[in-house]
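Only one structure is covered here, and it is reproduced in the block below.
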Amino acid sequence: MKIKLRDEEREFESGVTTLDIAKSISEGLARVAVCGKINGEELIDLNLPITEDCSLEIITNKSPEYAEVLRHSTAHVLAQAVKTIFPTAKLWVGPATKDGFYYDIDFKTPISNDDLPVIEDEMNKIIKANFDIVRKEVTKADAIKIMKENNEPYKVELIEGFDDHEMITTYTQGDYIEVCRGPHIKSTGMIKAFKLTKISGAYLKGDSKNKMLTRIYGVVFDKKSEMDEYFKNLEEAMKRDHRKLGKDLGIFMFDELIGRGLPVWLPKGFLLRRTLTDYIMNKELALGYKHVMTPSLGNINLYKTSGHWAHYQSSMFPAMEVEDEGYVLRPMNCPHHMVIFKAFQHSYRDLPLRIAEIANDFRYEASGTLVGLERVRAFSQNDCHIFCTPEQIKSEVEGVIKLILDVYKDFGFKNYKFRLSLRDVNNKDKYFGNDELWEKSEKALREILNANKVNYYEAVGEAAFYGPKIDVQVVSALGHDITLSTIQLDYQLPEKFELEYVDENNNKCRPVVIHRAVFGSLDRSIAFILEETKGNLPTWIAPVQVKVISVSEKSASYAEGVAKQLEIKGIRIELDNSDERIGYKIRSAQLEKVPYMFILGENEANSNKVSIRKRSGEEINNISLEEAYKMIKEDIDEKRISN
RNA sequence: GCUGAUGUGGCUUAGCCGGUAAAGCACCACCUUGGUAAGGUGGAGACCACGGGUUCGAGUCCCGUCAUCAGCUCCA
């Protein structure tokens, strides 16, 4: 008898059970079949003998989808435990997530973190009881009846939304029944390593107008060792959190007297910023960008013209009234740049015109969303608006993609993803412009990405209100998905500002605008750089590149001389001539994560040499200052990432 | 903004059941001039986020405000 498995077809004796097959393909491990499909139909009983040729998709603990099934099933156990301890609690939904699961529950009286161990104990009892998880198909009417009997109004509401003729599945474990699409593990005893991690609020159905439920988060793993690994990684991520590194390295600070979400850049942080802005502006200049400087404030009519006031007001600081005029802090720079374009006559020969700026922007972000430099209320963008003809869109967008990739290469960024951000057609009033234009723009960006063989994914509902975007997404140490760079195609603002250029036939034409930012937020980019490098900033951007350390007072003046010479050559140095011991000074420099230390004692002074200790611990002793400088200069010029 | 938690010298933290604050690092002084991750001694520094309340008495209990943290909604 032939049975077709996922990747192979195998011969089995008639009467073999699914469970036997599962055991054979999961290499004899004790915990095997979870669930599966036979000829595309959901399996009800894994112990049923199979007597005919068939195709079988079994999920075992070797299958890629096992982790998700396990997470989802653990969420059910969580729900069962909660209902046992708090019978009045009402359940909403409990899906698996990227690395765990959660369950949204409406508690009669709010629970606290102290309740988590109690719930965990109850879950352990359920796991120990090893209830079979039994699947059953019921009609919609029956499902509603069951959930009404169980006093689960949210579940009833959920089922009412389903198709009338749809068969609904229930899963039962012990005295607990839940309506669920599945699949699930075979029995509760298969859960070996789990932990409830945190508790938070979450809006019902993800809508901030709705009631807030209590969300309990947890993680579950196939093995205890995997869970230990997970928590170890979390700890590591905390260490490279830019908020910690920024404080330890003296990069930036916040102060409540200055205001929340308003970063203060300290001397070392400012040096870092300046290095980045010099770098990107030089690159842009070489590509024909024209830098401008415009005020951080604008008349409210500017934003009424652009449409930002209508669409973006809730994220803007409220207007200030001065002599019957309203002014706002700008949340973005597009309108200012539109006005610059409009102020002059343009020939098609001038296009593309790339107006760029390192600009300060202010956004009134909800207080609960502020996160270090990741999400702030005052930030700087390395912004540019490219005014071009429709024919130039392709080459201009390609140019920006190339620039982004170039910059990422220089910084050694590897873990990023391109995202094509599209509008949500079910929510059209969020966007300006007609369907035709949107479809055209989205298609154009997609084609450019495809033509340039860029790996990307599409995301509906992530577009700007004036057009689709190509975003570059990264994941922060905290696990947040954040945008680093963006390219946006815009037909709307040129229309709003009535921008024009004259083409070769002397016709007035409307340009297209490409908004782009490589460092969509300089602040956020620095946060990401800190986290990616764990604070070990590559020499070319390190605020202090060389720490010159004298061994004792006897070599202090020699150290000062060396420091001076390096400084003259443009190396960012700091001199440590304090009367601490050498070990102490090295430790301090090491904690500051300075790439190079020059250790200068009497030996070096007498032979006119320098001894170097790198951040990695590597020592290079007794070389000439020229050699040392050459080595560091090469490091800087090549923008080496490794330390 | 919402839900929950937290808030002690510059930093990291201790402070049991309410009896007017403890340590390490950092800082200052003195001693030490020492070769690759912390030399020694001494000193200064906190009305315990802020404002109310309960109490004979509050860092500790209660309420409010502000800020921070986690998540939700939102987002560069």
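Just so you know, these numbers use all the heavy atoms, side chains as well, and skip hydrogens, waters and symmetry mates. Letters go in sequence order (proteins before strands), and every chain restarts at 1.
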Within the structure provided, determine whether [X] and [Y] are in side-chain contact (heavy-atom separation under 4.5 Å).
X: A:R273; Y: A:S380; value: yes
X: A:Y102; Y: A:P95; value: yes
X: A:E627; Y: A:I620; value: no

Would you mind telling me which of [options] lies closest to the side-chain atoms of [X]?
X: A:R524; options: B:A37, B:U3, B:A76; result: B:A76
X: A:S552; options: B:U33, B:C72, B:A76; result: B:U33
X: A:S200; options: B:A37, B:A67, B:A70; result: B:A70
X: A:S208; options: B:U36, B:U73, B:A70; result: B:U73
X: A:T483; options: B:C72, B:A76, B:U36; result: B:A76
X: A:T369; options: B:C74, B:G34, B:C2; result: B:C74
X: A:Q590; options: B:C2, B:A37, B:A70; result: B:A37
X: A:A202; options: B:C66, B:A76, B:C72; result: B:C72

Does any N or O in the side chain of [X] come within less than 3.5 Å of the main-chain N or O of [Y], such that one atom is a donor and the other an acceptor?
X: A:R330; Y: A:N360; answer: yes
X: A:T533; Y: A:G535; answer: yes
X: A:S611; Y: A:N622; answer: yes

Looking only at atom [atom1], what distance separates [N] and [M], rounded to whole Å?
N: B:G24; M: B:C62; atom1: P; result: 32 Å
N: B:G64; M: B:G4; atom1: P; result: 11 Å
N: B:A46; M: B:G39; atom1: C1'; result: 30 Å
N: B:G7; M: B:C16; atom1: P; result: 12 Å
N: B:G71; M: B:C11; atom1: P; result: 24 Å

Ring-plane angle category for A:H311 and A:F465, please: parallel below 30°, perpendicular beyond 60°, tilted otherwise.
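The rings of A:H311 and A:F465 lie parallel, inter-plane angle below 30°.
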Would you call the rings of A:Y303 and A:H308 parallel, tilted or perpendicular if under 30° counts as parallel and over 60° as perpendicular?
perpendicular
Under 4.0 Å, heavy atoms only, any strand: does [X] hit a base, just the sugar-phosphate, or nothing?
X: A:E604; result: base
X: A:N621; result: base
X: A:R243; result: sugar-phosphate
X: A:S315; result: nothing
X: A:A517; result: nothing
X: A:G617; result: nothing
X: A:K209; result: nothing
X: A:G368; result: base
X: A:S521; result: base
X: A:L478; result: sugar-phosphate
X: A:V371; result: nothing
X: A:Y584; result: sugar-phosphate
X: A:H515; result: nothing

Examine the base of [N] for any acceptor or donor lying under 3.5 Å from a partner atom in the side chain of [X], and report the outcome as yes or no.
X: A:R215; N: B:C72; value: no
X: A:N603; N: B:G35; value: yes
X: A:E619; N: B:G35; value: no
X: A:Q473; N: B:A76; value: no

Full working for side chain to side chain donor-acceptor pair (under 3.5 Å) between A:H291 and A:E284
CA-CA 9 Å; A:H291 292 101; A:E284 287 170 347; 2.6 Å; yes
Does OP1 or OP2 of [N] have a side-chain N or O of [X] closer than 4.0 Å?
X: A:R260; N: B:U68; answer: yes
X: A:K469; N: B:A76; answer: yes
X: A:K554; N: B:G34; answer: yes
X: A:R375; N: B:C75; answer: no
X: A:R581; N: B:U36; answer: no
X: A:K211; N: B:C2; answer: no

With RNA chain B as reference, determine whether A:Q381 or A:Y217 sits nearer its 5' end, using the nearest nucleotide of each.
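Its nearest nucleotide being more 5', the pick is A:Y217.
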When the nearest nucleotide of RNA chain B is assigned to A:T486 and to A:K585 on a heavy-atom basis, which residue is associated with the more 5' position?
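Taking each residue's closest nucleotide, the earlier one in sequence belongs to A:K585.
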Would you please determine if the base of B:A76 is stacked by A:F379, with stacking meaning a centroid separation under 5.5 angstrom and planes under 30 degrees?
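Taking the rule of under 5.5 Å and under 30°, the ring of A:F379 does stack on B:A76.
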Going by purine N1 to pyrimidine N3 plus the second Watson-Crick contact, or the G-U wobble pair, all under 3.5 Å, which nucleotide sits opposite [N]?
N: B:U36; value: none
N: B:A67; value: B:U6
N: B:A29; value: B:U41
N: B:A22; value: B:U13
N: B:U55; value: none
N: B:C75; value: none

Calculate the interatomic distance between [X] atom [atom1] and [N] atom [atom2]; express it in whole Å.
X: A:K239; N: B:U12; atom1: NZ; atom2: C1'; result: 15 Å
X: A:F254; N: B:C11; atom1: CZ; atom2: P; result: 15 Å
X: A:L234; N: B:C69; atom1: CG; atom2: C1'; result: 15 Å
X: A:I586; N: B:A38; atom1: CD1; atom2: P; result: 9 Å
X: A:L213; N: B:C2; atom1: CG; atom2: C1'; result: 12 Å
X: A:L204; N: B:U3; atom1: CG; atom2: C1'; result: 14 Å
X: A:L373; N: B:U68; atom1: CG; atom2: P; result: 13 Å
X: A:D576; N: B:G34; atom1: CG; atom2: P; result: 16 Å

Name the residue from A:Q488, A:Q492, A:K496 that meets the side-chain hydrogen bond (donor to acceptor under 3.5 Å, both in side chains) definition with A:Y466.
A:Q488
